[in-house]
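Following: one structure in structure tokens, then a few remarks.
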Amino acid sequence: RNAKPGPEDCCVILGAGTIGLLCLVAAGKIAGFSKVICTDTAPFNRELALRLGAAAAYDPLQENAEEEILRQTGGGAALTVVAAGAKDILNQASRVTCKCGEIRLVASLTRPIPYVAYDLAHKEQRLQGVWTYTSEDFALAAQQINNGLDLHALVTQILPLDETQRGLEMLRDKTEDVAKILISL
């Protein structure tokens with residue numbers, strides 16, 4: 001909602017789990033970023049990101065994701081969304097964000113993460129938490145879906161009500177390729 005991309009602006013999403021994937025859809029199909037690039041360590045999440053419209057999806061443990069992002073964006077993203085909690089994630093976000101760019105933190109970081117704020121100051125970046133949403137946000141989301149925004153790819157399993165516990169364990173333990181589980185009655 002707060003992002004105001006220019007016509008050539010790129011968005012980078014660090015972490016392509018369910019929240020990151022929804023951020024991808026919002027950035028590319030609603031906010032209007034010209035290109036969205038994702039990173040994630042899980043092959044399934046990267047594949048799903050590409051299916052949902054990411055221009056590229058990198059494994060930061062197996063590839064030089066930062067170098068590729070900087071190359072593809074011409075010096076960094078206008079907006080970087082942190083949707084994962086890796087120990088170097090905030091430093092990585094600053095490194096892949098352009099001068100005067102924005103970093104939005106949507107991940108629920110529940111443990112201390114070391115962060116060197118040099119790039120934040122030197123590149124005059126803005127770091128903002130994102131958690132608050134309004135009734136208008138829900139109405140906009142419903143309107144987008146009712147007008148054809150297709151999120152079916154995110155529903156990876158449909159389980160009966162009596163398998164809800166198994167679904168929660170599947171989400172927690174990642175025992176299967178999973179994004180969202182729909183519980184049917």
Side-chain angles (χ1 to χ4, degrees), residues 1-60 63 65-86 89-109 119-120 123 125-134 136-156 179-180:
R1 170 174 30 95
N2 293 329
K4 307 285 187 249
E8 300 298 317
D9 283 348
C10 177
C11 176
V12 168
I13 299 171
L14 304 177
T18 305
I19 299 298
L21 292 169
L22 287 167
C23 290
L24 159 65
V25 171
K29 296 185 189 309
I30 298 171
F33 281 89
S34 65
K35 181 189 297 183
V36 182
I37 299 171
C38 295
T39 66
D40 202 279
T41 57
F44 176 76
N45 291 358
R46 293 191 308 275
E47 291 166 18
L48 192 49
L50 293 171
R51 285 187 14 223
L52 289 169
Y58 299 107
D59 181 340
E63 306 170 79
E66 290 179 27
E67 183 178 295
E68 285 300 316
I69 290 167
L70 292 173
R71 183 184 63 74
Q72 285 195 25
T73 61
L79 173 65
T80 299
V81 176
V82 177
I89 199 82
L90 294 175
N91 291 314
Q92 184 183 46
S94 281
R95 289 190 296 265
V96 301
T97 303
C98 70
K99 289 183 179 181
C100 299
E102 298 181 35
I103 301 165
R104 302 282 171 86
L105 179 62
V106 299
S108 296
L109 304 178
D119 277 341
L120 186 75
K123 293 164 87 176
Q125 298 168 336
R126 288 171 302 286
L127 173 61
Q128 178 181 346
V130 178
W131 193 269
T132 303
Y133 43 86
T134 65
E136 290 82 13
D137 295 326
F138 281 105
L140 175 61
Q143 177 185 10
Q144 293 291 328
I145 292 167
N146 290 336
N147 289 337
L149 180 63
D150 186 4
L151 300 176
H152 285 95
L154 289 168
V155 178
T156 52
K180 278 291 192 190

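Source: prediction; values computed, not measured.
Panel note: side chain Thr18, backbone Ala179; a donor-acceptor pair is recorded below 3.5 Å. Arg126 contributes no side-chain N or O that, together with a main-chain N or O of Glu102, makes up a donor-acceptor pair within less than 3.5 Å. Not a single donor-acceptor pair under 3.5 Å links the side chain of Gln143 to the backbone N or O of Ala139. A donor-acceptor contact shorter than 3.5 Å is absent between the side chain of Lys180 and the backbone of Leu151. Without hydrogens or angle criteria, Glu68 side chain to Tyr58 main chain gives no donor-acceptor distance under 3.5 Å. Side-chain atoms of Arg104 never come within 3.5 Å of backbone atoms of Gly129 as a donor-acceptor pair (strictly under, hydrogens ignored).
For the atom pair Ile13 CD1 and Ile19 CD1, the distance stands at 11.0 Å (nearest 0.5 Å). Rounding to the nearest 0.5 Å gives a distance of 9.0 Å between CG of Leu14 and CD1 of Ile103. Atom CG of residue Asp59 and atom OG1 of residue Thr39 lie 8.5 Å apart, to the nearest 0.5 angstrom. Residue Leu109 holds its CG atom at 8.5 Å from CD1 of Ile89, rounded to the nearest 0.5 Å. Note that the CG atom of Leu21 and the CZ atom of Arg46 stand 12.0 Å from one another [nearest 0.5 Å]. To the nearest 0.5 Å, atoms CG (Asp150) and CD (Gln144) are separated by 13.0 Å.
For CD of Glu63, the number of neighbouring non-hydrogen atoms (other residues, nucleotides, ligands) closer than 6.0 Å is greater than 12.
Minimum interatomic distance between Ala16 and Ala49 (heavy atoms only, all atoms of both residues): CB-CB, 4.4 Å. Nearest heavy atom pair, residue Gly17 against residue Asp40, reads N-OD2, 3.6 Å. Contact detail for Lys123 and Cys98: the closest heavy-atom pair is CE-C, 4.2 Å. When every heavy atom of Thr97 is checked against every heavy atom of Ala78, the shortest pair comes out as CG2-O, 4.5 Å. The two residues Phe33 and Asp9 make their nearest non-hydrogen contact at CD2-O, 3.6 Å. Asp137 and Thr134 get closest at one heavy-atom pair: OD2-N, 2.8 Å.
Counting heavy atoms from C-beta on, the side chains of Leu22 and Leu154 come closer than 4.5 Å. Put simply, the side chain of Ile37 reaches to within 4.5 Å of the side chain of Cys10, judged on heavy atoms. In this structure the side chain of Val81 reaches within 4.5 angstrom of the side chain of Cys11, judged on heavy atoms. Side chains of Val36 and Leu52 form no contact here, defined as non-hydrogen atoms less than 4.5 Å apart. Looking only at side-chain heavy atoms (C-beta outward), Thr80 and Ile69 stay at 4.5 Å or farther from each other. Looking at Pro60 and Gln92, their side chains come closer than 4.5 Å, going by heavy atoms from C-beta outward.
Using modelled atom types and a 3.5 Å distance limit, the side chains of Asn91 and Ser94 yield no donor-acceptor pair.
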- [ ] Could you walk me through whether Leu105 and Leu90 pass side chain to side chain contact (heavy atoms under 4.5 Å, CB included), step by step?
- [x] CA-CA 9 Å; Leu105 179 62; Leu90 294 175; 4.2 Å; yes

